[in-house]
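Protein chains get the first letters and strands the later ones, always in sequence-line order, with residue 1 at the start of each.
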2 protein chains.
Amino acid sequence: MSAGQFQLGPSSLTDALYESVRSRIISGDIAPGEKLTEQRIADDYRVARPTAKACLERLTALGLLRRSAHKTAVVPELDEVDITDLFFTREMFECTAADRLAQARTVPEAARKAQTAIESAVRAKAFDDQVVADIEFHWALINAVDSPRLSRVYEMVSGEVHLTMGQFKAHRRTAPSTVAAEHALILKAIEDGDRAAAREQMAHHLQQARDRVLAQVVASREEAPA
Amino acid sequence: MSAGQFQLGPSSLTDALYESVRSRIISGDIAPGEKLTEQRIADDYRVARPTAKACLERLTALGLLRRSAHKTAVVPELDEVDITDLFFTREMFECTAADRLAQARTVPEAARKAQTAIESAVRAKAFDDQVVADIEFHWALINAVDSPRLSRVYEMVSGEVHLTMGQFKAHRRTAPSTVAAEHALILKAIEDGDRAAAREQMAHHLQQARDRVLAQVVASREEAPA
DNA sequence: CTCGTCTCATCGTCAGACAATCTCCCGAGG
DNA sequence: CCTCGGGAGATTGTCTGACGATGAGACGAG
């Protein structure tokens, strides 16, 4: 009985559950501030509570949920301090990656593909697609470094990056297609093998992105002072 | 009955279990290559298997264990590729931290304390203490940046750093007290607010450390060709 | 209106069970 | 003698069901 324990899928049930909950959080289907009990997951997905528990623990480790002992997990709402810290950490990762790639003059194919995807999403005014492609672009650079540990630790901030994007895309009014231009500069620097420029363009891009996000946080707070 | 479920300690049983197993792996009490079944943990510590399982999963996430689906977890033996990658990642973290601290001209007190601890351990020829203090030194710099995310992700490599130290300290024959001297240069650069120098000294120190570890790996392999 | 207590929701952990999967040894065949 | 396939045991993934502990909010006393 009990719909559980088919593991026909490519990965185990646990992984599928994790992926599903993760995407629901990232997409905003489960809104920031919303509580997520173990029982709710268990009921929603017809799994046992321990399975749901493990899933919540994984998400907590990635920063997609926050909880302390005996308290219910909630989807965090990132404030200015969180966002500043998050982008600081991103900058460390991504500037290092840009430097490395410039050193090797390796422009990953995946990054180019993501770049064209961004451009077409901008033309189509498909903001969601643009966000997805943007994240893919950054992931492509990280993965191209070919350092398992770098990719592993980047995953720990990637979830929160998604959160910032999803959290505020509803409020988005300016649609800066400058993102694509900034990406192009980064790729150019990598192509030229100019390490310093690659670092700098990446840092600049991330600071711009951070400021855009911060501006939205402030704006959304002012229009909804709780 | 069943000795479990007293949670007198400061943290929960799960945390205590995790800490204990972690320290046993790091100290080499559980040797690299050794298999660690869920049942063994459960028996050793008189906890239920699910509790042991959760513990192993946490350690796996930190790189202190390796496992794939349906296979028994083992303490990894880091090879040259792993160590190179690990130090590359460390360099990213720690150079960023050194840069930041130099920018603020903040020399953390904890780092100074660790530094004197290293010196006295060197004088006492207490190699184990030296390793512990060395790790504390590096942690102190990371934590002084006061970035929750930086500290969180550093934890993901810190475990493996411990492993490299513990894994090879048995084979150690040269006792390079140059470590303390290199640390002093880093602190000096931070004190002077010289960001470039801080980065460079840190990078240099880590490259030295990496080469020392790599040399030991090669040496230990040659003397024990399995 | 404030404060302490009490109940309920939720979590941490346990025990025991079953199916799926992996490992390893051992015998059949070349 | 070596290689290869098959089965028994070991190990994991997940389930069900249960108990005590902890935290949060309601409810009544002062």
Q: So, is A/K53 close to the C/dG12 phosphate, meaning a side-chain N or O under 4.0 Å from OP1 or OP2?
A: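 Yes.
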
Q: Please give, in whole Å, the distance from D/dA10 C1' to B/Q39 CD?
A: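 In whole Å, D/dA10 C1' lies 10 Å from B/Q39 CD.
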
Q: Between C1' on C/dG12 and CZ on B/R58, what's the gap in Å once rounded to a whole number?
A: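 So the two atoms are 13 Å apart, to the nearest Å.
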
Q: Can you check whether A/P148's main-chain N or O pairs, donor with acceptor, with A/S151's side chain at less than 3.5 Å?
A: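 Answer holds: no.
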
Q: Take the protein atom CG of B/D43 and the nucleotide atom C1' of D/dT11, then report the distance between them rounded to whole Å.
A: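 Result: 13 Å.
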
Q: From the list D/dT14, D/dG13, C/dC11, which nucleotide is the closest neighbour of the side chain of A/E38?
A: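 Per side-chain heavy atoms of A/E38, the pick is C/dC11.
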
Q: Would the distance check show the side chain of B/D85 and the main-chain N or O of A/R149 forming a donor-acceptor pair, the cut-off being under 3.5 Å?
A: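 Confirmed, B/D85 side chain pairs with A/R149 backbone.
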
Q: Under the side chain to side chain donor-acceptor pair (under 3.5 Å) test, which residues partner B/Q39, sequence neighbours left out?
A: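 With sequence neighbours excluded, B/Q39 shows a side chain to side chain donor-acceptor pair (under 3.5 Å) to B/D43, given in chain and number order.
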
Q: Give the nucleotide from the list D/dT14, C/dT10, C/dC14 with an atom nearest to the side chain of B/L13.
A: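 Shortest atom-to-atom distance from the side chain points to C/dC14.
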
Q: Does D/dG13 have OP1 or OP2 sitting under 4.0 Å from an N or O in the side chain of A/T51?
A: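 For D/dG13, neither OP1 nor OP2 has a side-chain N or O of A/T51 closer than 4.0 Å.
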
Q: Let me check something: any side-chain donor-acceptor pairs from residues 54-62 of chain A under 3.5 Å, sequence neighbours excluded? List them with distances.
A:
unit_1, atom_1, unit_2, atom_2, d
A/R58, NH1, A/D15, OD1, 3.0
A/T60, OG1, A/L56, O, 2.7

Q: How do B/A48 and B/K35 order along DNA chain C: which one's closest nucleotide is nearer the 5' end?
A: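 Result: B/A48.
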
Q: Take the protein atom NE2 of B/H70 and the nucleotide atom P of D/dT12, then report the distance between them rounded to whole Å.
A: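 To the nearest whole Å, that distance equals 10 Å.
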
Q: Specify the residue among B/K71 and A/A69 whose closest nucleotide of DNA chain D lies further upstream toward the 5′ end.
A: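 Checking each residue's closest nucleotide, the 5'-ward one belongs to B/K71.
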
Q: Please determine whether any donor N or O and acceptor N or O are separated by less than 3.5 Å between the side chain of B/R49 and the base of C/dG16.
A: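 There is none.
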
Q: Within the side chain of A/S20, is there an N or O that forms a donor-acceptor pair under 3.5 Å with the backbone of A/L17?
A: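 Side chain of A/S20 to backbone of A/L17: no pair is present.
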
Q: Determine whether a donor-acceptor pair (N or O, by modelled atom type, separation under 3.5 Å) exists between the side chain of A/R210 and the backbone of A/F88.
A: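 Judged by distance alone, no pair lies under 3.5 Å.
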
Q: For B/I41 and D/dT12, what is the distance between atoms CD1 and C1' respectively, to the nearest whole Å?
A: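 Going from CD1 in B/I41 over to C1' in D/dT12 covers 14 Å.
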
Q: Between the main-chain N or O of B/V47 and the side-chain N or O of B/T51, is there a donor-acceptor pair closer than 3.5 Å?
A: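 A pair under 3.5 Å: no.
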
Q: D/dT12 P sits how many Å from A/D15 CG, rounded?
A: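 A/D15 atom CG is separated from D/dT12 atom P by 17 Å.
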
Q: What nucleotide among C/dT13, C/dT10, D/dC15 has an atom nearest to a side-chain atom of B/T14?
A: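 The listed nucleotide nearest to B/T14's side chain is C/dT13.
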
Q: Using a strict heavy-atom distance below 4.0 Å, which residues from residues 59-66 of chain B are in contact with DNA chain D?
A: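 None - not one residue of the stretch has a heavy atom sitting under 4.0 Å from the strand.
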
Q: What integer distance in Å separates B/R46:CZ from C/dT13:P?
A: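 These atoms are roughly 18 Å apart.
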
Q: Rounded to whole angstroms, how far apart are CD on B/E57 and P on D/dT14?
A: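 After rounding, the reported distance stands at 9 Å.
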
